[in-house]
Asks: 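So that we are looking at the same thing, I have put the structure below in structure tokens.
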Amino acid sequence: MPQEDQLNSYWQRKREMDQQLRLRAANEMDLDPDRSTRILNVTGITGLPEEVVDSDLENLEGLIRRRGFDAQKYMEQAPKFAAFA
């Protein structure tokens with residue numbers, strides 16, 4: 001499994017680098033870095049586009065906390081996703 005460990009390590013480093021770049025860009029654009037971090041976390045959990053997560057962040061965080069998240073159900077029922085799609 002060394003190859004699998006190397007692959008997991010690579011993807012973890014890539015996610016961290018991507019997050020750092022996004023946070024740096026958010027700072028340059030005068031965006032709230034805490035909100036940006038929350039958006040990235042929810043995007044990672046749900047697989048939804050960042051634009052959708054940003055527009056419905058509090059609701060999505062609540063869904064994740066309460067009962068887990070069903071991406072398919074959200075895409076079928078959420079008006080904010082429908083507007084994005």
Side-chain angles (χ1 to χ4, degrees):
M1 298 282 180
Q3 191 173 22
E4 185 175 321
D5 291 341
Q6 287 178 336
L7 188 58
N8 288 335
S9 178
Y10 166 79
W11 286 114
Q12 179 63 31
R13 284 192 314 274
K14 180 160 178 17
R15 279 191 296 271
E16 290 169 1
M17 289 172 45
D18 287 348
Q19 185 171 6
Q20 288 174 357
L21 288 172
R22 287 185 177 121
L23 289 174
R24 191 174 310 129
N27 286 336
E28 290 173 7
M29 295 171 57
D30 199 27
L31 299 175
D32 178 6
D34 292 329
R35 183 174 176 84
S36 296
T37 299
R38 290 169 50 210
I39 290 168
L40 291 174
N41 289 338
V42 172
T43 297
I45 292 168
T46 63
L48 294 169
E50 292 172 10
E51 295 85 358
V52 173
V53 172
D54 185 27
S55 69
D56 202 16
L57 180 60
E58 288 75 18
N59 179 47
L60 288 167
E61 287 176 324
L63 289 171
I64 291 166
R65 277 192 305 274
R66 282 194 300 274
R67 65 177 186 276
F69 181 78
D70 182 343
Q72 189 62 38
K73 185 175 180 181
Y74 179 82
M75 287 186 264
E76 292 169 358
Q77 296 178 351
K80 296 206 178 193
F81 182 80
F84 173 80

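Keep in mind that what you see is a predicted model, and the values were worked out from it rather than measured.
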Asks: Would you kindly confirm whether L48 and L57 end up in one hydrophobic cluster when ILVMFWY residues are joined by side chain heavy atoms under 4.5 Å apart?
Replies: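 Yes.
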
Asks: Under the rule for side-chain contact (heavy atoms from CB on, under 4.5 Å), what residues qualify as partners of T43, not counting sequence neighbours?
Replies: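 Result, side-chain contact (heavy atoms from CB on, under 4.5 Å) vs T43: I39, E50, V53.
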
Asks: To the nearest 0.5 angstrom, please state how far the CG atom of N41 sits from the CG atom of L60.
Replies: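 Spacing of CG (N41) from CG (L60) equals 12.5 Å.
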
Asks: State plainly whether one hydrophobic cluster holds both V42 and L40, where clusters connect Ile, Leu, Val, Met, Phe, Trp and Tyr through side-chain heavy atoms under 4.5 angstrom apart.
Replies: no

Asks: In terms of side-chain heavy atoms, does E16 have a donor or acceptor partner in Q12 at a distance below 3.5 Å?
Replies: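 Judged by distance alone, the side chains do pair up.
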
Asks: Restricting to salt bridge (charged side-chain N to carboxylate O under 4.0 Å, His left out), what partner residues turn up for E58, sequence neighbours left out?
Replies: R35, R38

